2 protein chains.
Amino acid sequence: MSNEHNSSLTLETNIFEYFEAAKDRFLPGISADAVILGYDGQHIKVLLLKAQDVDIWMLPGGFIEKEYDIDIAVHRIVKARTGLEELYFQQFKLFGRSDRNAHKQEHLKKFQELSSAAHDWINQRFITVGYFALVHIEDVAPKPDLFTNICEWVALDQLPPLILDHQEIIDTALTYLRRQLNYLPVGINLLPERFTMSQFQNLYEEILKQKLDRGNFQRKMLKLDILIRHEKLKKGGAHKAPYLYEFDSDKYHEKVRNGIGFI
Amino acid sequence: MSNEHNSSLTLETNIFEYFEAAKDRFLPGISADAVILGYDGQHIKVLLLKAQDVDIWMLPGGFIEKEYDIDIAVHRIVKARTGLEELYFQQFKLFGRSDRNAHKQEHLKKFQELSSAAHDWINQRFITVGYFALVHIEDVAPKPDLFTNICEWVALDQLPPLILDHQEIIDTALTYLRRQLNYLPVGINLLPERFTMSQFQNLYEEILKQKLDRGNFQRKMLKLDILIRHEKLKKGGAHKAPYLYEFDSDKYHEKVRNGIGFI
DNA sequence: AGAATAGTGTCTCTTAGACATTATTAC
DNA sequence: GTAATAATGTCTAAGAGACACTATTCT
């Protein structure tokens, strides 16, 4: 147990060892990338990593250990970047264009000292499977990986230049999210445990990129019978204090399973 | 050109050559499977292949040529089984469990004469990407592949025992189809060019596995303004002859793009 | 005429959407 | 009080769903 942890630690702290071992440790030619989404009360944000030398950003990602289900491998990747053990995540697309990593060599020049086997492994054609995760942003402790020195939340309208096809991966994730909205537990996984109706509404407005009517939203959500209203009010502003709500988890997930109607 | 065709033909007519060449020709560890769906006026059917020796059935599938996009490789696979050049198809999920081909060896015993490299290639862990295709059943000329001797349409409620996780792949495809129904050009790709309102309705009833009200369905579809009514009626029964309809392709695809409301 | 299926109309109930009114709270 | 935001109510038009009526065709 502690041995396994140590050997894993070693692998993850030395890029050269990591690549030399890759051929035996990982499935060939496939990686996974995670669009990890959080909501800070104002905006949807995505967790990004910055390459160590250049000003190029990327999604958290990695390779698939030969012995693990892809879902499990992705869970490990997301856990390593966020510290979260429990999380909601789901695959949304396999990106399989043959030219998708045509520019990869550029970023790997510094690894020319690698053995030819390792070098070949890295430079083979790669496909990648896209996952998105929905996390409580306040619970996340962002942590860069071997190849990066910054790991932080970035708002969707402030995305920097991204490596390879990572911009397309994010765009695809968001389109998927919007289309599947009625089947995804967005509220319970992005909002804090207790939240106001305004926060709930703003979250959906952020996802859909459109304004919703306040009165109608409130009426609709209350009618769904998935919310528990708490009498403790949120204080602070020079105005009427809003109620705090909490999801009735069972009823909420039942509705989501059947795709019944937030929007 | 004709050389290329010949060499391809040779490869596809000899299983041993096919597997010996696989290591150089295909991406390692990944395959694709296609849920090809057709509608015969009564039922949704899926195109299946039967293994040559045993009574086990499978989806059309294959490996990914190293130089092709996955979408293109799948197009080639579906074209080879159906004869169709133009078709609507879409990826829906990557199946990545580590145990998904645990039983594969059983079916490959007869290939023990293969070189160890070829044997290793076949016996490595495989993941598979699922695609579905929507085709006009009357245009299809089913054709078995190297490993099979029967290729035919099977109704969804009469599926035989399927290899590996192919049953799960079909189930997942159908769930995806139902959820994305408003975004998929199901009608125009499954119905013949001219069709009756009853056929249109029956198609949706088959997909959704539920009865719909005749009057309401007709009213709704006509209101969508995607149908062209022809005055030539369908004759034959001892009853009022129904109108024949045709989709207005532009208006139809515009509605589908925006996910506007069949159901 | 009768059987079968198609096309259209009608009624009710629910919902969506726009908007108005009342309720709190800090200053 | 006023400003700001929350909660709730009202009105209308559109739509869903159940079902009834009329039309056409063949036997």
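Chain letters run A, B, ... following the sequence lines, proteins first, then strands; residues in each count from 1. It should be emphasised that the depicted structure is a prediction, and the values quoted were computed from it without experimental measurement.
Inspection of the B:Y252 and B:E254 side chains reveals no N or O donor paired with an N or O acceptor under 3.5 Å.
Between B:Q218 and C:dT8 there is a side-chain polar atom (N or O) within less than 4.0 angstrom of OP1 or OP2.
Note that B:R229 lies in the cation-pi zone of B:Y243, set by a 6.0 Å cut-off to the ring centre and a 45° limit from the axis.
What separates CZ of B:F217 from C1' of C:dA6 is a distance of 14 Å, to the nearest Å. Between the CE atom of A:M221 and the P atom of C:dG17 there is a distance of 12 Å, given to the nearest Å. The distance between atom CG of A:N202 and atom P of D:dA6, rounded to the nearest whole Å, is 11 Å. Rounded to whole Å, the distance from CG on B:L244 to P on C:dT5 is 17 Å. The distance between atom NZ of A:K211 and atom C1' of C:dG17, rounded to the nearest whole Å, is 17 Å.
Using bins of under 30°, 30° to 60° and over 60° for the plane-to-plane angle, the ring pair A:Y176/A:F132 lands in the tilted bin. Classification of the A:F195-A:F200 ring pair by plane angle, with boundaries at 30° and 60°, yields perpendicular.
Not counting sequence neighbours, the partners of B:A34 by the side chain to side chain contact (heavy atoms under 4.5 Å, CB included) test are B:I36, B:V78. By the salt bridge (charged side-chain N to carboxylate O under 4.0 Å, His left out) test, B:D71 is found to be paired with no residue, residues two or more places apart in sequence or in another chain being considered.
Backbone-only engagement by B:S198 is indicated by non-hydrogen atom pairs under 4.0 Å involving sugar-phosphate atoms exclusively.
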Scan nucleotides 15-24 of chain D nucleotide by nucleotide, 5' to 3', and note B when protein non-hydrogen atoms come under 4.0 Å of the base, S if they reach only the sugar-phosphate, - if neither. SSBBB---BB
